[in-house]
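In what follows, a structure is listed as structure tokens, so that the remarks can point back to it.
When a ligand or atom number is given, it counts from 1 through the structure's own listing order. Reckoned from all heavy atoms, side chains included, excluding hydrogens, waters and symmetry mates.
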Amino acid sequence: MPAMSFSVRGKAEVMEFEGRITPYVVITCILAASGGLMFGYDIGISGGVTSMDDFLEKFFPVVYLKKKEAHENAYCKYDNENLQLFTSSLYMAGLVATFFASYTTKNYGRRPTMLIAGLFFVGGVVLNTAAVNLLMLILGRILLGCGVGFANQAVPLFLSEIAPTRIRGALNILFQLNTTIGILFANVVNYGTERIRPWGWRLSLGLAGIPALLLTVGSLFIVETPNSLVERGQLEEGKAVLRKIRGTNNVDPEFNELVEASRMAKQVKHPFRNLLKRRNRPQLVITICLQIFQQFTGINAIMFYAPVLFQTLGFKNDASLYSSVITGAVNVIATIISIFSVDKLGRRMLLIEAGIQMFISQVIIGVLLGVGLKQDEELSRGTAIVIVLMVCTFVSAFAWSWGPLGWLIPSETFPLETRSAGQSVTVCVNLVFTFVIAQAFLSMLCRFKYGIFFFFAAWVSVMTIFVLFLLPETKNVPIEEMTERVWKHHWLWKKYVRDVDLTDDEAGDAYPRHANGITDANSC
Ligand code: BGC
């Protein structure tokens, strides 16, 4: 494999291919992105449901009794492994499913993989809605998790491949935006169903059927990506689809690049071994750290458990659910702000500003709780309002920084030889640490009490220092010029990438990419 191929392809990345943003692309992307809605709905729904008395009484009577007891130890009301398992089983299942999803994505295409995801989601929703015992409930969550594993592998890939290059970045954040809309939708549903006694929780779990059906039916109507068709040898169909989605017959340059990318993809022997090479260390370290840090901001303590958390703080059921709606709405709005500011202010600026904002709000919450929530006491109304405000301050900072950037930065910093393998690592590390937080948070709240907020604040300061010294700015740098313009100028990372241009030998082992920036040999 001549090293030349890489530079030729590097130029092609910068070049614009002909093609409009056709209505077909827009509709297709909306349907596919319902995978993000589903992911968000699953994140947001469990907290509200697990705070509902009817649900607790039926499936977690021990927790229900503890909750009803006086304020003996507010922080430990919800400390129950089964309850945490209800939330976390989904992420463990998702992690395992990603391994299978990578196989179907590559060998059968993105569309069937999304269909499988949709079917898992529908199965999970049915089991959850009809649940008469804990087993059905957990099995339902596991099926939903399988759906998340399949959808999160295929949907972002699908969006990236179907999108014209110039709006690929915006579409990347669109997936995150859909996730936040899903979370908000779940919060609103929980607020409404809490009043429907005794089966409101069934409605909460059942309404997940809307995004689930949207994804399932949608995946029957959307096209397969040209990249996937070409990769599986269906060249003519690939070209026809490309014409359709670009709205022009002049697709030869893009098509030729797809064919070339696919040819090179077939020559890659060891994508993951490549990822471990010294020259790829900076991106690998950054990706893993970004995903771990993203979860250790403590965001999912809020997203999963906001209603439970607010009740722990002494809010009534109703107040805790509408407070969650407020935080959910802040999450959506701040994500939209991120879409518009990320290429203007830059990644570092957003992450550092948000780090300071998150640190301050967490410390204030910790102090207010430490002072205000003594045994057998309710929080004063004023303190409660300030706490909700501080939670919103925290969530907004996360949503315009670590939320989208935790996904965007890994997808834009890997060189083409490791881009896809890097993407897989991103998904895996995310699900592992989402699982860890889901499983551990309620126990940590019980042990650390208000100190949990200082714990997360400490992590936030570590990650902000990390950004300050170790994360270079990638704003407005063409993807294929990252190594030359970013890594080779960084005080530390240049030691890893300096003078290690690909030789002919290495190029055969290198990891290629598709025209749209992501290849398909995804595996976890
Ligand atoms: C994170 C999720 C989180 C969500 C909140 C995502 O970027 O990966 O774990 O729940 O943001 O909006």
Item to complete: In plain terms, say whether Lys475 and Glu412 are close enough for a salt bridge, that is, a side-chain N and a carboxylate O under 4.0 Å apart.
Response: no
Fill in: Arg447 bridged to Asp79 by N-O distance under 4.0 Å
yes
[X]: numbered ligand 1 atoms lying under 4.0 Å from its heavy atoms:
X: Ile43; result: 10 (O)
X: Asn430; result: 8 (O)
X: Asn331; result: 5 (C), 12 (O)
X: Thr180; result: 12 (O)

Would [X] count as a contact residue for ligand 1, given that I'm defining contact as a non-hydrogen atom of the residue lying under 4.0 Å from a ligand atom?
X: Asn300; answer: yes
X: Gly403; answer: yes
X: Phe304; answer: no

Item to complete: Specify the closest pair of heavy atoms between Leu350 and Val342, including all atoms of both residues, with the distance to one decimal.
Response: CD1-CA, 3.9 Å
Worksheet item: What part of Thr335, side chain from CB on, backbone N/CA/C/O, both or neither, has a heavy atom under 4.0 Å from ligand 1?
Response: neither
Fill in: Side chain, backbone, both or neither: Phe398 near ligand 1, heavy atoms under 4.0 Å
side chain
If we only count N/O pairs under 3.5 Å, is [X] in contact with ligand 1?
X: Gln295; answer: yes
X: Ile299; answer: no
X: Gln176; answer: yes
X: Gln294; answer: yes

Between [Y] and [X], is there a side-chain donor-acceptor contact under 3.5 Å, judged purely by atom types and distance?
X: Thr474; Y: Thr413; value: no
X: Gln357; Y: Thr393; value: no
X: Thr426; Y: Thr287; value: no

Response to the item:
Among non-hydrogen protein atoms, atom 5 (C) of ligand 1 lies closest to Ile183 CD1, 3.8 Å
Fill in: Cation-pi geometry met for Arg111 and Phe158 (6.0 Å, 45°)
no
Worksheet item: Hey, what's the ring geometry for Phe293 with Trp402, parallel, tilted or perpendicular (30° and 60° as the breaks)?
Response: perpendicular
Worksheet item: Parallel, tilted or perpendicular: which describes the rings of Tyr108 and Tyr103, with under 30° parallel and over 60° perpendicular?
Response: perpendicular
